[in-house]
Each structure stands twice: as structure tokens, then as C-alpha cells.
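Written below as C-alpha cells is the structure these notes are about.
If you read the sequence from its start, that first residue is 1, and numbering goes on from there.
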Amino acid sequence: MSLSNRKEKILSAVVDSYISSCEPISSQEIRDRHLPDVSSATIRNELAALEEMGYLVQPHASAGRVPTALAYRLYVEKLMPKRMLSDSELNMIKRYFDHKIVEIDDMLKATAKVISEVTNLTSVAYANNTDALVVKNIKFVKIADTQALIIIMTDGGLINNATMDIPPYLSDLELLSASEFVSNAFCGYSIGEIANSQNIITDIKANFRAFFDTVLDVLKKYAHESTMEDIVLEGSSKILEQPEFANLAKAKAMLSMLEAKTDLVPVLQSKGEMNFNIQIGQDNEIRQGMPECAIVTATYTVGGKSIGNAGVIGPMRMDYPKIVSLLDYIGTAINNAMSIGVVNEKEELMEVNNGTKQ
């Protein structure tokens, strides 16, 4: 059943006010702050109707109304206003992303950190489908007489760099030849294909065997890392600052959920083709007995390829307009930072290979 325009305005006013105050909202407060042209009696009648329809509850007979999960769902689907981030919030984001980022892990940590700081909520970032990352380039860069840095570039950015021992007499030209051989061997294959195949290449030159085997081990280890390690949480204790989780049993249940990171994966992954995924109340029930909460996540892409999801976990009473604006802005910042980082990294590698960088 659709709501009248007036009912929608009143419901939106209740949600906005409750998000700010966490106190039941009275008809007088709605009239004073939102609808001065509507009488208190009319607002009371509309509140009673909205309560009957399941959008509001009244904790006590003499108290105001509180939104239900149904009200929040309608709010985010239809009533939610657009919200601009403040200058201080924008500057905070820029401090995290106004430099090159090439490693996916670095991106996850920066994203989770800034989301938690701006929202003062628990944030989460998740790198999804790492097996689908396709190897684009592999380089060995000498960092000591007997040690080289292994740089593996994928279409989603760099994976964690590793090092390997090399013979002390190895020349720069020989190291370049090893880079070209190994890069040609693995380029175009996904990490999942490499990890699960026994025959990526069979004819390996003896002097390149150690390089090939080391890169293969690095990629297999990356592919088989625990899913738990791909999830970054920030501000877990901030959940306890929310009035909704002042109850000890609810707080324990929520912290238990956050500690069991793998339980979060299904609700963090995007649903369908949506860039934003907002799950409220029982929409996101992860396990039986969990207190009602809300999870808002966004899917992030670099160069048109999805690299993961990030967002917030908190009470149903969260500032959805601000959070959606924040996640949207961060998406642009991530794409710019990682794209610039990949370009700069390629240029630096070219300089190293050409001998123009010391």
C-alpha cells in the first residue's frame, strides 16, 4: 500500500529526527521542526495510521514514535534526501587517497580507516574474488647484492610484494631476462588458474627455474589465503558507543559477529548489479539471535573491474544520506588513487629496467 504525500513527509521527519536524537519523536516536535503548516492533531492522526501500518512503534503510551525496520527500508528506497559531505570530511578523505596506492591490501586498510573516522561507526572492507585477478606484469628488482623484490601487477593493482634470494654475481641484464621469461609465462592467466594448474609452462630454462618456482609459490599462497585475512575491520569498539547496543547481551552478540569475520562475507558481497547494498534489520541476519542492525556497503571498481566492497555496520538508526554520499565519494577517490598508482609504478619499473633510476 502506497503512502500519501503527507504520510511520507511525516515518516521522513520521524526518521530524520530519530537518527539525530535517538529519542522517540512527538507530534509537536514534527510540527515545530518540519511541518509548521500542519496541525498537531492531524500529525497525531497520521502517526497513529503509520503505526497501524507497521512503520512506527510507540515504546510507551505517553511517548513519541520510533521508526521500525520497515520505515528505514522505505526511507532509503524512496524518501532519503541527498547529503553533501562537509569540507572537513572531504579533506579527511583526501588525506588518505591523495597519493598513489598500488597494493589492494593498502587500499582496503585506507578505505576502512577513513570510513570509520568519518562515520564514527564500525567499518569493513572486503577484497572479493581475488582468484579472478589477471596477472599483467612481473618484475624482479634488485634491492641488495643477494636479494630481489618480486613485483606482481594484476588488472586490479599490485598484490603483496615478496622478496627472494638471488646469486650475488647475477647481472642486471640476467635479472631483466628472468623478469621477461617469468612475466611471459604467467601473463594473461588469472591467479585462480595459476594456483590450480599443474601445467602453466613445462619448458623452463634451468637458470630461470628458481624465479619461476618462487613466483608460482607466491601466487598459490595468495590464492589460498584465508578469506578472514581479506576482511579489514576498523572501529569495532565504536559499536559499543551506540545506545542501541548498551544492553550487554546485544553488545556481546555484535562483537562476536565482528570477531567471526567469515560470517560477514555473504552480507558484504553486492547483490545483483547494485553499486550500493543497504540491508536493514532481518535483511542481514547473519546468525540466529543477532540484534537487529544495518549494513551499508558499496562495490568499488578500478579500470572497470570490481575489486571489493566496503561500508559500515551499525544500528538501524544511522545517517544513511551521509553514508551513501561518503561511500560514493570514496569510490571515485579509490579509482583515481589506484589508477595513478599503477601508472606511476609502471613508469618506475621502466626506469629501473632502463637504468635511469638509481
Over all heavy atoms of both residues, which pair between [X] and [Y] is shortest? Give the atoms and the distance, please.
{"X": "V141", "Y": "L175", "answer": "C-CD2, 4.2 Å"}
{"X": "I25", "Y": "V14", "answer": "CG1-O, 3.8 Å"}
{"X": "Y75", "Y": "S12", "answer": "CE1-OG, 3.9 Å"}
{"X": "V66", "Y": "P59", "answer": "CG2-CG, 3.9 Å"}
{"X": "H34", "Y": "S17", "answer": "NE2-OG, 2.9 Å"}

Regarding K238 and S116, is there a side-chain donor-to-acceptor distance under 3.5 Å anywhere? yes
Checking [X] now: which residues fulfil side-chain hydrogen bond (donor to acceptor under 3.5 Å, both in side chains) with it, not counting sequence neighbours?
{"X": "E180", "answer": "none"}
{"X": "R44", "answer": "none"}
{"X": "S237", "answer": "none"}

Show the atom names and distances, to 0.1 Å, of all donor-acceptor pairs under 3.5 Å that link a side chain in residues 311-321 to residues at least two apart or in another chain.
{"residue": "R317", "atom": "NE", "partner": "E244", "partner atom": "OE2", "Å": "2.7"}
{"residue": "R317", "atom": "NH1", "partner": "I19", "partner atom": "O", "Å": "3.0"}
{"residue": "R317", "atom": "NH2", "partner": "Q242", "partner atom": "OE1", "Å": "3.2"}
{"residue": "R317", "atom": "NH2", "partner": "E244", "partner atom": "OE1", "Å": "3.2"}
{"residue": "D319", "atom": "OD1", "partner": "R83", "partner atom": "NH1", "Å": "3.2"}
{"residue": "D319", "atom": "OD1", "partner": "K322", "partner atom": "N", "Å": "3.4"}
{"residue": "D319", "atom": "OD2", "partner": "R83", "partner atom": "NH1", "Å": "3.1"}
{"residue": "Y320", "atom": "OH", "partner": "M316", "partner atom": "O", "Å": "2.6"}

Do D217 and K221 pass the salt bridge (charged side-chain N to carboxylate O under 4.0 Å, His left out) test, and can you show the C-alpha distance, the side-chain angles, and the key distance before you say yes or no? CA-CA 6 Å; D217 288 343; K221 180 181 179 182; over 6 Å; no
Would you say L327 ends up clustered with Y329 if hydrophobic residues are merged whenever their side chains have heavy atoms under 4.5 Å apart, either directly or through other cluster members? yes
Interatomic spacing from OG in S179 to CD1 in I138 - rounded to 0.5 Å: 9.0 Å
Report the distance from atom CD1 of I152 to atom NZ of K136, rounding to the nearest 0.5 Å. 15.0 Å
Sequence neighbours excluded, which residues qualify as side chain to side chain contact (heavy atoms under 4.5 Å, CB included) partners of T332? N336
Of all residues at least two apart in sequence or in a different chain, which pass the side chain to side chain contact (heavy atoms under 4.5 Å, CB included) check with N247? A249, K250
Test salt bridge (Lys or Arg N to Asp or Glu O under 4.0 Å), reference E46, set R6, K9, R31, output is R6
